[in-house]
Amino acid sequence: MSDSAVDPEEVRHVASLARVDLDAEEVERFTEQFADILDSFERLDEVPETEAEPDLTNVMRPDEEREPLSQDEALENAPESEAGYFKGPKVS
Amino acid sequence: MSYNVYISEESVDGDSDGPLAGRTVAVKDNISTEGVRTTCGSAMLEDYVPPYDATVVERLKDAGATVSGKTNMDEFGMGTTNETSAFGPVENPVAEGRVPGGSSGGSAAAVAAGEADLALGSDTGGSVRCPAAFCGVVGIKPTYGLVSRYGLVAYANSLEQIGPFAPTVEEAAELLEVIAGPDEHDATTRDAREEGTDYDFAAAADGDVEGLEIGVPTELLDGADEGVVETFWDAIAELEAQGASYHEVDLPSLEHAVEAYYVIAMSEASSNLARFDGVRYGQSGGYEGNWNESFAKAREEGFGEEVKRRVLLGTYALSAGYHDKYYKKAQDARAWVKQDFDEALDDADVLASPTMPIPPMKLGESLDDPMKMYLADCNTTPVNLANLPAISVPAGETDEGPVGLQLIGPAFGEKTIIRAGSALA
């Protein structure tokens, strides 16, 4: 067992943080594969601290009004909508 | 013969005249097309129809091109073989029974099979260059910021660019000319004219390599397949015969590029793919019960295994207690790779390597061992980390299929890699 091995409980915990349900087989497979993958990530320990030069700069423009998507267009791909709103699961 | 190249074979006409009039361009299915289904190769977006065009699609239409259809791809761009697509794998048109490479496998295969004159893909860690190499066509990954990403469904924003496929370097350069240039909808785009160059890419495909100095990073040959290495040196010899010269160079940072790439790409993916909750679009998880449970159900049903794997690992790498260990170290590695490349390009016009260290894999043999699949990206991912341009040109073949030669240039050095590549294809 390597240092970076994760147990099934940790895989389930991360899956719940990521809002992804997994079946029992996936949990088993991921537990095994993550050990391998995280092991390779461990090799980043050998990388020296390096100063990055920023490549990107902020781009500014005047805040002008433009034609947005219509309400109908915005709702077109929703699995379900009601009275001009997206319909989602209950929040309670 | 059908290679399962298209997910939606719906054609869209462009303007009647323009530089691409009369030519067909296949478009990867993660690039938004107004009114034409855009699935990203995922069951999650099986019925998603974008209400607007990506900037590159607008530019294709303005240039007179006909969009021939939306091409098959690894789900959300996550794969090296095109086998993670929810719509089934693509078969390599020039290497029977083998993968076309990924993630833009459908686009490369469309050009290789003659089903489209040209194609667009996206390259986050090699997703244009890998399938170009495996299918024996030309593919270009532009400098970060040369081409607008507006309308490209995001996988890892800080790494990806849209790029062209074509049978020849000159035709790929023509397509790049059409799609390149600043865009007010993508604040990361830059004007090449302010970076000391211009957009006359096609004219640069003159095949003149007299006096060209090529650097060969030894790390990118280590561990590569013997037949691939042999074909690579043949291509270098061919360039030498035309007036180029080469020297070898050691770039130790490259040995950490794959890990750094996967930590960064997975971390960005875990955040980007959070939007797929089945409310505004995508597969619904239902309307009853707890909303977190409903989202988790939608995502269990809508995402394939590779996408789940990357979203989970990205979530893990960014979670409390692990951020400094993984994500911060990966950013150090990214800066180090960039430094190494910049220094090497002070003494060379281009850097050369095999695009892929292996020939195309057989269909059905890669998905059981994800780490092995990730390692196949060792030569392409460093380029994305460094934001540089690179081209893959056909270098020859082994018994197992085509081999690509990768040429890497300095930032906004597209004309240099196009000129060098055009000496071979």
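Letters A, B, ... mirror the listed sequences (proteins, then strands); counts begin at 1. Only this structure's heavy atoms are used, side chains among them; waters, hydrogens and symmetry mates stay out.
- Open room surrounds CD on A/E32; 12 or fewer heavy atoms of other groups in view lie less than 6.0 Å from it.
- By the 30° and 60° cut-offs, the orientation of the rings of B/Y326 relative to B/Y316 is tilted.
- Of the two parts of A/E80, the backbone and the side chain both hold a non-hydrogen atom closer than 4.5 Å to a non-hydrogen atom of chain B.
- In the model, B/K372 has no side-chain atom that pairs as donor or acceptor with a side-chain atom of B/S366 under 3.5 Å.
- Every residue two or more places apart in sequence or in another chain was checked for a side-chain hydrogen bond (donor to acceptor under 3.5 Å, both in side chains) with B/K297, and none qualifies.
- Residues forming a side-chain hydrogen bond (donor to acceptor under 3.5 Å, both in side chains) with B/K338 (at least two apart in sequence, or on another chain): none.
- Of the residues considered (B/Y374, B/Y144, B/Y48), B/Y48 shows the highest number of contacts with chain A, using heavy-atom pairs under 4.5 Å.
- Chain A is approached within less than 4.5 Å, heavy atom to heavy atom, by B/V263, B/M266 from residues 263-270 of chain B, ordered by number.
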Is there a side-chain hydrogen bond (donor to acceptor under 3.5 Å, both in side chains) between B/T39 and B/D29 once you walk through the steps? CA-CA 6 Å; B/T39 68; B/D29 211 22; 2.6 Å; yes
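- When all heavy atoms of B/C378 and B/P357 are compared, the closest pair comes out as SG-CG, 3.8 Å.
- Comparing A/A52, A/A78, A/S81 by how many heavy-atom pairs each has under 4.5 Å with chain B, the most go to A/A78.
- For B/T143 and B/R190, the side-chain atoms include no donor-acceptor pair closer than 3.5 Å.
- For chain B, the option among A/V11, A/L22, A/L17 with the highest count of heavy-atom pairs below 4.5 Å is A/L22.
- In terms of heavy-atom pairs under 4.5 Å with chain B, the best-connected choice from A/D36, A/D23, A/V14 is A/V14.
- Both the backbone and the side chain of A/I37 come within contact range of chain B, with heavy atoms under 4.5 Å apart.
- Interface remark: A/L75 contributes no atoms to any contact with chain B (heavy atom separation under 4.5 Å).
- Side chains of B/D377 and B/T80: a donor on one and an acceptor on the other come within 3.5 Å.
- For the set B/E184, B/Q339, B/E288, B/E305, the count of heavy-atom pairs under 4.5 angstrom toward chain A peaks at B/E305.
- In this structure, chain A has a heavy atom under 4.5 Å from the backbone of B/D368, while its side chain stays farther away.
- Interatomic distance, B/W291 CH2 to A/R19 CZ, rounded to the nearest 0.5 Å: 6.0 Å.
- Heavy atoms of B/Y322 lying under 4.5 Å from chain A belong exclusively to its side chain.
- The candidate from B/A296, B/A330, B/S253, B/G285 with the greatest count of non-hydrogen atom pairs under 4.5 Å with chain A is B/A296.
- Considering only heavy-atom pairs separated by less than 4.5 Å from chain A, the leading option among B/F295, B/Y262, B/Y281 is B/Y281.
- Salt-bridge check for B/K325 with A/E42: passed, with a basic side-chain N closer than 4.0 Å to an acidic carboxylate O.
- The choice from A/H13, A/E76, A/R29 that makes the most heavy-atom pairs within less than 4.5 Å of chain B is A/R29.
- Both the backbone and the side chain of A/E49 come within less than 4.5 Å of a heavy atom in chain B.
- We find that B/K308 and A/E26 are joined by a salt bridge, their nearest charged nitrogen and carboxylate oxygen being less than 4.0 Å apart.
- Atom CG of B/L45 sits about 9.0 Å away from atom CD of B/E75, to the nearest 0.5 Å.
- If you measure heavy-atom distances from B/N292 to chain A, the contacts under 4.5 Å come from both the backbone and the side chain.
- The parts of A/V47 that come within reach of chain B are both its backbone and its side chain, each placing non-hydrogen atoms under 4.5 angstrom from that chain.
- Of the two parts of B/N387, only the side chain, counted from C-beta on, holds a non-hydrogen atom closer than 4.5 Å to a non-hydrogen atom of chain A.
- For B/Y155, the side-chain hydrogen bond (donor to acceptor under 3.5 Å, both in side chains) partners at least two apart in sequence or on another chain are B/Y261, B/R310.
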